Structures are given as structure tokens and as C-alpha cells.
Amino acid sequence: MDQEAPPQFYNPSRAESDVQDYWTSHGTFEATENSSLPKYYCLAMFPYPSGQLHMGHVRTYTLGDVIGRFQRLQGKNVLQPMGWDAFGLPAENAAIKHQVPPAKWTMQNIAHMKAQLQSLGFAYDWTRELATCDPDYYRWEQWFFTRMFKKGLVYKKAAWVNWDPVDQTVLANEQVIDGRGWRSDAPVERRELAQWFLKITDYAEELLDNLDRLPGWPDKIKTMQRNWIGRSEGVEITFPGVDQPGITVYTTRPDTLFGTTYLAVAPQHELAVAAAKSNPSLQLFLDECNQVKVAEAEMAQLEKKGMPTGHSARHPLTGVDVPIWVANFVLMEYGSGAVMSVPAHDQRDWEFARKYGLPIAQVIEPEAGEIDLESASFTDKGRLVNSGEFDGLNFDEARNAIATRLEALNLGSRQVNYRLRDWGVSRQRYWGCPIPIIHCDKCGPVAVPESELPVLLPTDVRFEGVASPLKSMPEWYETSCPDCGGPAVRETDTFDTFMESSWYYARFACSKHSESMLDERAKYWGSVDHYVGGEEHAILHLLYARFFHKVMRDEGLVDSDEPFEKLLMLGMVLQDGVKMSKSAGDAGDPQVLLAKFGADAVRMAMMFAAPPEQSFEWSANGVESANRWLRTRLWNPVMVHLDAINSAGITTIDKAGLTEAQKDMRRITHETLAKAEDDYGRRLTFNTVIAAVMAMMNAVQKFHDESSQGRAVVHEALNAAVLIMSPITPHICHLLWRKLNDEPLESAVWLRVDETALTRSVVNVVVQVNGKLRGQLEVAPDTSLEEIERDARALDNVVKFMHDKTVRKVINVPNKLINFVVG
RNA sequence: GCCCGGGUGGUGAAAUUGGUAGACACGCGAGACUUAAAAUCUCGUCGCCUUUGGGCGGUGCCGGUUCGACCCCGGCCCCGGGCACCA
């Protein structure tokens, strides 16, 4: 940029750093709790400090900033904080690869990314910044966990993990590539480890029901969460054992019980494991099943395979023996790890039965028509057949009758089941929050007392291999039992990083507070009014945070039931068709564009590219044209106008004395204001805000009027343009607003729409014949149908298409359309 | 595989409640300014046909509802996100 450029030329790099200095020195965006204005907490999902900002970040934070700045213009007391989701796997990967301690690597990344965020001019209150790897943060997470522990919301059970037999370590799902460890290339094995779980299922019902009380959430996210929680009503049924303990299954189709021709258990089910001890080929099959990584997607795409266990169980109502199979598609984590298989009425069971020659017994018939069990199963509900005394009952009747019978026999019970599983929070990793538990041989697991928190994560570590250094630090894990004082060891696992992101939004209210997890300020800021983030977080993060919020509420820490009132779920910024990631490289790096065209142009290009919920492929092309528009269509016209009013002065608008052209210009200005307000506040489509301002400025360019009223009308239009654009391009608008109004932008309020300016003297009515466009009419608003019909019938082109036909119907949409239906 | 989305000109997109498909831009083409270029400005730009009035076709594909469908319904194809240890 030309350092000598006089101030009337647009120079983004100088202008933006000046404006940013102004914001910093004036503390413009530092939020306080003692405002008379209504509070507005606007939050964008905090980033993992991977080291480089990419365009996905730019999009998320710009969208959040636009919302926050718009709400500020609407007279709200806005809080927009920023922090760092600083624990996680990439820091360990970097440590292993480059021998740099995760803490150091993370802090360097934070410093770099903070500078990048600041150069984009977001209206953050940086005084509230937090990093989750800071002991001042995670000590309260540990404290909260011990509260949950004492409440009985925490328990330990064995769970399956991906085990790398060469590196002797647990692998994350993303570290397993085609069934092999990413570093060792060894085939992964499933292994059972004792893990800590949080009883999120205790809250399943509330998490589901409260979705109905979140009107500010997109329906698609609520649907995803509903499906994920997966409430179902069914019956738990016990098939008594023949030569082994009975098998308990859960089914939502008890009406098909008589069609059960075999049972299927998960490969990890105890019966399968026991049976394999004396059956080498079954053991071989189980081993094969255990060489698939621990992910539902893997499981679901496997070829369906099974093997008989050699055992059978007794049908609870018929007493007939049914064989027990092991099947690789039965999930150990869902229900009881066993299912009753009804091949006639379940397609997966049908395919399995056909493959292995198992019998298929029809017990449901359709209300009408024929079925062919040779070609497929019949899965609709219908009437029972071949079911003894239950024959003839429909689904509801049969479900009740069979459940009642099973309950009487003590072989079943009605059960509401959730697909949602408890949250396993143990990670066998170093770079995370230490789980504040001490294992004592005498007392068992004991929560670390509050006075001894935080359990500090040592930061001066070296990665010798790939395993967590904590596992080989006796000086760290050897301790004494808080209860009996005897020798004991610390838990060396750390928390799932979703723990940190489940409550950070609340901590921002009082991030520096050292006396408790949250204080009264958390109640002042309350729920996040608008939460902005990527749709990849639609389920897990949001569900865990909702769960934490409810537990915090039950502990008296917050007042509300839900953490996020309104939710904006952003589509992905794609690169080469997939979501941008840390490894994506330079194409996602905004630095070059920032230096060349400025933050305003980058922000504007990003907002203009697509509406927020839509995923799109990033292209840098728009940035240059955004810069050009700001310079030639916003900055320059304001400068020309300022010259004009400097020499000729400025007057107020005389509404009664305007020419038609001046009225038109004013109408466009106020239509644009109204549209911008609606798009910003309700529709959240900022691309169309920009388009509307562009159209308005095109009209200003064409509006040549040297009169004093003309200047006043232009003045109003330019003020509207600057104000409307200011949430998106805050730096240039800060400068232009001051030049136009001699007051700082942050004391400006949104311009009111002048309803009288919106009235039109003519409206355009479309004339159709049989739904096809045949002409147009310019008429006064609210012209009578008779008059419009008469004028429309007189149009040459309408005559052409109607002259030899009979009008059967006339459709009229007032001030918009008239349609002659002829035949 | 299962759950949730998406598919509109050469490109990004707009069309808000079923009512003029393609606003606003990018790109491209033509022109103005210039010795020239850059920058800037003006005009044109869905395809085909045309007597230049206009006509026909067109929103992933096939079918349906309706006076009228990008929009609603049924069936398919393709792309993206999530699937519990990436965050």
C-alpha cells in the first residue's frame, strides 16, 4: 500500500490498524454487568489452537461478530468473548513428531492465532480470554467432576477401545486407517479397559423433551438430537437358558415374538466369549470381529456374518428351543448386547437367515394383500398369525397382551429404552485434564478433596514413545489416600476434551474468578442468546453441553434449563470438496488475503459467498472484488458527497417537497433498511444484506441531483449504507460514519425505517394466461380487480392467447398477479 | 449401512407464505478514457428460435398434486456432515 496516500483514499491496512488501536485504547468491546441495556450474550464456538486460522474459522467468527455487532446497534449490552479449546490430540502428535512439549506448542499456537483473530477486527472482550489447559480453568472442571462423583453421576465400567499392539497404546478412531494403526501400521485390536462414565442417560428424557422448548434452534438439529437420543418403547424379554444363563433381549416389536427363530448376541457378549473357550473356530470368528475399530460406521458396513454358539435358549412363551448365534452386527453397547431375530419381519434378520439357512416363520399378516417372504421380509405392522392365543390381534393389542403375559411369567417387562449411551470420559492420553480420582487398595476410587485441587498436569514432559508420559511418572501418580492415608495412586487417564467445551460458555462470565467455578455474573449473562458454530458439532458437543448445563442447574450454579437459546449452525467451508482441516495447508490461510485486501474485504467476501447454513467451496476470488466495492462503491461516493456538503452545506429532508426521483431514492433507502433489519435479525442471511446495499448504492450512483434536497437524500442513503454494512465491514464504516456524522459509530443506533417513505405510487401486476406470463400492468396500488381484469384483457399479447377460448376462472393475487384460466 | 442436509446460468448465488426463475456479484464480451497498459466508467451476458412484437425450453433424474411448483408429495441418482476416542 502507498504510505503517502492522502486520507481521502481508501487504504485498508492503515485504516484497519488505526481503528483497531482505537477500539483497544477505548475498551470499546469490554462488557460490563452494570448496564441498563438488555444483555445479549453472543458466542461463537471457540477454536482448537491448531496453529493456523483457516477460512472455516474466518467464517464462524465473522458470522458471530456480525450478529454481535448488529445486536449492539439494536441497543443491547453485548458480550462476545473468545478463548481456546486447548487440550487435545494434535498437541501430542506434534510432541511425538517434533519433540516439543504440548504446553509450549499450544501456547505458541494460541499467541499466533490470537494475533490473526485480532487482525480480523472482531469485537471481542479479550479481558475474558481463557484457555482450557490453564489450571485456573480445569481445576473447576475437576471440582465439578468430584461433585458429580458424590452425586452418583459418575461410575466406572469396562469399555472397548482401539488397541495398537505394536505401539502398546490406545488409538483414537481417526488414528485407525483401514483397520491399522496410523504409526505402526499394525492391525488394531479391540481391547476392554476400565473407564469413567457420566450418567448422561439419567437426563435422556429431559434432554429429549426440552428440545420442544428451543424455538431458536433449527429443526434439523433438533431432529438429529432426537434421533441420537433415540427414545423407544419396547419390552425387555428373557429367554431362559437351556444349559447356560438366560439371554435378555430388548425389542420394539414384541408382537413378532412368536416369529423368533434364533437369537443373536454381540461378539463381545459373555455367552459368546464363554462358548468360544471350547470352540476354536468360534474363537477365530470372535478374534476376527475384534479386529474392527470401535466405530459404529465400521460395524454397520461390514458384511453381515455370524456363527452358532452351540447353545440355545427357551422361547419364553412357546417353550421351543431357539439357537443362539453370534452376529457381527449386534452392538454390545446398545440394549443388552443381544437381539431376538425375527427373519419374517425384519430385513436384516431375513438376510442373515437366508445366508445361514435359518428358518423364517411368518407371524404377522398385512391388513390387505399378499406378502412374499421368499423375496423380502414384511416389516409393516399388521395382524398376528401363528401366535397361539394372540392370533388376530393388531400391533397395539398384541404388544400389550404379550407384555402383560411376559410380566406375569416374570420373563419380561415394558421398558423405555434410549439409543443414547452414557458418556465415557476417560482418555489414555497426556494432554488433557487429569481425572481427579485416587485409587486406594483399601478404599477403592476416592475423589480428590476440594482443598487439593487442582490436580496439576505436569508440563515439563518428554515423549519417549507414543504413550502418555503420565503412565511412567511414579513421582506424579504415587500419592496417599485422602480417606485412609495409606499408599495410593492417582488416575493417570485424562478427560475427554468435550468436558472442557461443555461449560466454557458459562465460565466466560467470570473467567478470572478464583473462588468458585461460577459466580453471580454467570447468572447475569445467563444462557447464550445466540450460539454460532459448525454443523459438525450438531450432536455431540451440543448434547454434552446441554447435559452439563442441566447438572450445573441442579447444583445451583446456573438458573436456566438450557445453555443456548438460539443456534446458528454453519455449513462447512469446503476445500476440494471436504471440510477444511488443520492439514489442509495454505489454501485455507487468510493471511495473504488479509495483507493484500484488508480484513473488511475478507469478512465481506466471506459473508457474501453464501448464506450461513450452506456449505460451500472456498474461493479467494471474491476478496478482491469486495475490496474494489468498498473502495469504488462505498468509500469514494462518501468522499465525493463530503466534498459537496463541505462547499454547499447540508439541509434536512423536506418530505412533502420531494421530486419523484428523490422519493424513489428515499424509498430504496428505507426498503433497504427494512430488508437489512429483517435479514440480520430474523433470517440471518447476510449475503442478501450485502446484495441489497449493493443495489442501493447502484441507485445512488445513478441518482444525479445537485439540489440541496438531493444532497440530503444522498446523505441519508450513505448513512444507511455505512450503518448497514458496519457489522460486516466495521473498520471502513467506523471511519466513514465519523466523517459523515462527527460521532463514533459505537454510539450510533440503528436507523428507523420511515414507513411513509415505503409507499409506492405504482405497482407491477403480472398477467398470466394458464399460468404463463403474457404481460404486465403498471397500476396504482389496490386498483380494483375489475379494472385490472379489463386492462389485462386489453393487452395485445393476452388477446392473442385468449381470443378463441373461454375464460373458466380468474385467479387474482392483489397487487401482484392476475391469471386467466382458459380452455 | 443408519441419521441429517444439499443439488438453480461459465462461477458464487437470489427468489422470505405455492405467484414474473436467475436479484446482487464474479467471469466473459463489446465500448469509453489512455500514446499504451493498469485502474475506472458504460452497455451486454440461461439456451434455442424469431417477422425483434415475441415464442419455446429450462432449477440433479422420473412421476404426481395445483389455475400456477426451485418451493408440496412419491420414487431414484449424486454430493456433504455426523455415527459416541478429530475437534
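Being a predicted model, the structure only gives us computed values, none of them experimental. Lettering follows sequence order; numbering is per chain, from 1.
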Checking B/G12, B/U16, B/U20 against the side chain of A/R683 (C-beta onward), the nearest is B/U16
Compare the minimum distances between each of B/C86, B/C24, B/G82 and the side chain of A/I539, then state the nucleotide with the smallest one. B/G82
Sugar-phosphate, base or nothing in reach of A/P47, heavy atoms under 4.0 Å: nothing
Could you tell me if the side chain of A/T494 sits less than 4.5 Å from the side chain of A/Y138, heavy atoms only? no
Would you please confirm or rule out a distance under 4.0 Å between OP1 or OP2 of B/C4 and any side-chain N or O of A/T223? no
Span that lies between the P atom of B/A14 and that of B/C79, in whole angstrom: 23 Å
Syn if the chi torsion is within 90° of 0, anti otherwise; quick check, which is B/G53? syn
To the nearest angstrom, how far is A/Y418 atom OH from B/C83 atom C1'? 20 Å
Compare the minimum distances between each of B/C86, B/C26, B/U20 and the side chain of A/L773, then state the nucleotide with the smallest one. B/U20
Is it true that the side chains of A/S184 and A/D164 contain a donor and an acceptor less than 3.5 Å apart? yes
Determine the sole option in A/E333, A/K293, A/R191 for which the side chain to side chain contact (heavy atoms under 4.5 Å, CB included) test with A/W160 is passed. A/E333
Measuring to OP1 and OP2 of B/G57, would you say a side-chain N or O of A/K772 lies under 4.0 angstrom away? yes
Euclidean distance for C1', B/U65 against B/G7 (whole angstrom): 23 Å
Within this structure, what is the CD1-to-C1' distance between A/I668 and B/C24, rounded to whole angstrom? 14 Å
Verify the contact: side-chain N or O of A/R774 to OP1 or OP2 of B/C56, cut-off strictly under 4.0 Å; return yes or no. yes
At their closest point, which heavy atom of A/F46 faces which heavy atom of A/Y61, and how far apart are they? C-OH, 3.4 Å
What distance, rounded to whole Å, do you find between the two P atoms, one in B/G63 and one in B/U52? 37 Å
Shortest side-chain distance from A/K220, nucleotide among B/U16, B/C67, B/C4: B/C4
Heavy-atom nearest nucleotide on RNA chain B taken for A/E535 and for A/F820; more 5' hit belongs to A/F820
Using a heavy-atom cut-off of under 4.0 Å over every strand shown, decide if A/Q195 touches base, sugar-phosphate, or nothing. base
Residue matched to B/G80 through Watson-Crick or wobble contacts both under 3.5 angstrom: B/C4
What is the distance from NZ of A/K809 to P of B/C67, rounded to the nearest Å? 5 Å
Select base, sugar-phosphate, or nothing to describe what A/I811 touches, counting heavy atoms under 4.0 Å on all strands. base
For every nucleotide of nucleotides 40-52 of chain B, 5' to 3': is a protein heavy atom under 4.0 Å from its base (B), only from its sugar-phosphate (S), or from neither (-)? SSS----------
Let me spell it out: for each of A/A610 and A/R682, pick the nucleotide of RNA chain B with the closest heavy atom. Which residue's pick is nearer the 5' end? A/A610
Which of B/C56, B/C83, B/A25 is nearest the side chain of A/M694? It is B/A25
Is the shortest distance from a Lys or Arg side-chain nitrogen in A/E92 or A/R427 to a carboxylate oxygen in the other one below 4.0 Å? no
Could you give the CG-to-C1' distance, from A/L331 to B/G1, as a whole number of Å? 11 Å
Check whether the side chain of A/N227 and the base of B/C3 form a donor-acceptor pair under 3.5 Å. no
Choose from B/U20, B/G55, B/C24 the nucleotide whose nearest atom is closest to any side-chain atom of A/K800. B/G55
Whole-Å gap separating P (B/C4) and CG (A/L211): 14 Å
C1' gap between B/C56 and B/C62, integer Å: 22 Å
Quantified in whole Å, what is the C1' atom distance between nucleotide B/A23 and nucleotide B/U59? 15 Å
Would you kindly say whether A/N417 and A/S232 are connected by a side-chain donor-acceptor distance under 3.5 Å? no
note: A/F498, atom CZ; B/C83, atom C1'; distance rounded to Å ~ 12 Å
How far, in whole Å, is B/A87 from B/A13 if one measures between their P atoms? 30 Å
Given B/U20, B/C67, B/U16, which nucleotide is nearest the side-chain atoms of A/V821? B/C67
Using a cut-off of less than 4.0 Å, is there contact between a side-chain N or O of A/K816 and OP1 or OP2 of B/G19? no
Regarding A/N290 and A/Q268, do their side chains bring together a donor and an acceptor under 3.5 Å, going by distance alone? yes
Can you tell me the pairing partner of B/A21 across any strand shown, Watson-Crick or G-U wobble, with both distances under 3.5 angstrom? none
Nucleotide forming a Watson-Crick or wobble pair with B/A36, both distances under 3.5 Å: none
Atom pair CZ/CE of A/R59 and A/M55 - distance to nearest 0.5 Å: 12.5 Å
Electrostatic pair A/E677:A/R682 at N-O distance under 4.0 angstrom: no
Checking only heavy atoms, does the side chain of A/K675 share a donor-acceptor pair with the base of B/U16 at less than 3.5 Å? yes
Residue A/F801, side-chain heavy atoms: nucleotide from B/G81, B/U20, B/G55 that is nearest: B/G55
Have a look at A/Q175 and say if it touches a base, only the backbone sugar-phosphate, or nothing, with a 4.0 Å heavy-atom cut-off. nothing
Quick check on B/A23: is either OP1 or OP2 less than 4.0 Å from any side-chain nitrogen or oxygen of A/N698? no
Run the salt-bridge test on A/E789 and A/R793 with the 4.0 Å N-O cut-off and return the result as yes or no. yes
Protein-nucleotide distance (A/K293, atom NZ; B/A84, atom C1'), rounded to Å: 13 Å
B/C48 versus B/G10 - spacing of their P atoms, nearest Å: 10 Å
If pairing means Watson-Crick or G-U wobble with both distances under 3.5 Å, then the partner of B/A30 is B/U42
Between B/G12 and B/U8, how many Å separate the two C1' atoms, rounded to a whole number? 12 Å
Counting any heavy atom closer than 4.0 Å, what does A/G622 reach on the DNA or RNA strands: base, sugar-phosphate only, or nothing? nothing
A/T669-A/T672 side chain donor-acceptor pair, cut-off 3.5 Å: no
Taking only the side-chain nitrogens and oxygens of A/Q614, find out if one of them lies under 4.0 Å from OP1 or OP2 of B/A13. yes
A/N687 side-chain N/O to B/A14 phosphate OP1/OP2 under 4.0 Å: yes
Nearest-Å distance, CH2 (A/W629) to C1' (B/G12)? 17 Å
Syn versus anti for B/G9, judged by chi lying within 90° of 0? syn
Which base sits across from B/G9 as a Watson-Crick or G-U pair, both distances under 3.5 Å? none
What's the shortest heavy-atom distance between A/V769 and A/V822, and which atoms? CG1-CG2, 3.8 Å
pair_partner(B/G74), Watson-Crick or wobble, both distances < 3.5 Å, evaluates to B/C62
Does B/C48 have a Watson-Crick or wobble mate here (both distances under 3.5 Å), and if so which one? B/G55
Among B/A13, B/C67, B/C26, which nucleotide sits nearest the side chain of A/N621? B/C26
